[in-house]
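Notes follow the structure.
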Amino acid sequence: MSDGEPPLEQPAAGKPIRAFVALELPDALRDGVAAAVRDLKKHLTEVRWVREEGVHATLRFLGWTRAETLAALEPALRHAAAQCPPLEVSVGGLGMFPDRGSPRVLWLGMDLPPAGLALQAACEDAAVAAGVPREERPFHPHLTLGRWRDRARRPALPDLRLRSGRIDRLALFRSQLASSGALYTPLATFPLAGAADAVR
Ligand code: 2AM
C-alpha cells in the first residue's frame with residue numbers, strides 16, 4: 001500500500017490504463033460510510049475527500065497497465081473471485097498514513113476474513129502471472145476516505161462506530177486522475193462464489 005501518489009512509469013507500447021483491483025462495497029455499507037464521512041467533514045476541514053461512490057478496498061494496485069495485460073489478468077481474477085465466498089467485513093477505526101509526521105491518507109480500517117486475505121493473495125499471483133512486478137509491501141486492508149495536501153497538520157481523529165456488511169464482488173477499476181479528484185470506473189466486475197443469489 002502506498003501513502004501517496006508516486007510517479008508511475010508508463011509502458012512505451014500498447015494502450016496503458018491506470019488500473020487497480022478492489023472490493024466494491026455493498027450499497028448499505030457504502031451509505032453507512034458516506035454518512036460517517038459527512039460527519040467527519042465538519043471536523044477535518046483540510047482533507048480532500050474521495051467521492052462517496054468511489055470508496056473501495058484496494059486489493060492490488062496495478063499502476064499503468066497495458067490493455068493486453070489487463071485482458072490476460074481478467075480470467076484469472078474471475079476465477080479467483082469464483083473461489084471466494086462472500087466476505088463478511090467490518091469497518092471502523094480511523095487512521096493516517098504515514099504513521100507519524102504530516103499525514104497524507106485518511107483511512108478507515110477494514111477487518112477482512114481469511115478468505116478475503118486469500119483472495120488478495122490470489123490477485124497478487126494473478127497480477128504477477130500477467131507480468132506485473134510483485135508487490136513487496138505488506139497488505140493492510142483499508143478504505144481510503146481522503147487525502148491531505150503537503151505539510152498538513154496531524155489532527156486528532158474522532159472515534160467512528162463500527163459498521164459491517166457483506167461484500168459479494170471484486171472489480172477491476174480504471175483510475176483517472178483529475179484536479180477535481182480521482183475518478184474510478186469499473187472495467188469489469190467478478191462475482192464472488194454464490195453472489196448471483198446475494199442481496200445487495
Ligand atoms: P489507497 O486506498 O491507499 O489510497 C487507486 O489509486 C487505488 O489504488 C487507491 O485505493 C490506492 O490506495 C491504491 N494504491 C495502492 N498503491 C498505490 C500507488 N502506488 N499509487 C496510487 N494508488 C495506489
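Index from 1, following the sequence. Counting convention: from 1, in listed order, for ligands and their atoms alike.
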*asked:* Under a 3.5 Å threshold, yes or no: a donor from one side chain and an acceptor from the other, between Ser175 and Arg18?
replied: yes
*asked:* Below 4.0 Å, non-hydrogen atoms only: which portion of Arg18 touches ligand 1? Side chain, backbone, both or neither.
replied: side chain
*Check whether any side-chain N or O of Gln120 sits under 3.5 Å from a backbone N or O of Leu59 as a donor-acceptor pair, and report yes or no.*
yes
*Taking only heavy atoms of Thr58 into account, list the atoms of ligand 1 that are under 4.0 Å away from them.*
7 (C), 8 (O), 9 (C), 10 (O), 13 (C)
*Which of the numbered atoms in ligand 1 are below 4.0 angstrom from a heavy atom of His56?*
7 (C), 9 (C), 10 (O)
*Using side-chain hydrogen bond (donor to acceptor under 3.5 Å, both in side chains) as the criterion, list what pairs up with Asp31, not counting sequence neighbours.*
none
*Mind checking side-chain hydrogen bond (donor to acceptor under 3.5 Å, both in side chains) for Arg153 and listing every partner two or more places apart, or none if nothing turns up?*
Glu46
*asked:* At less than 4.0 angstrom from any non-hydrogen atom of Thr144, what atoms of ligand 1 do you find?
replied: 1 (P), 2 (O), 3 (O), 4 (O)
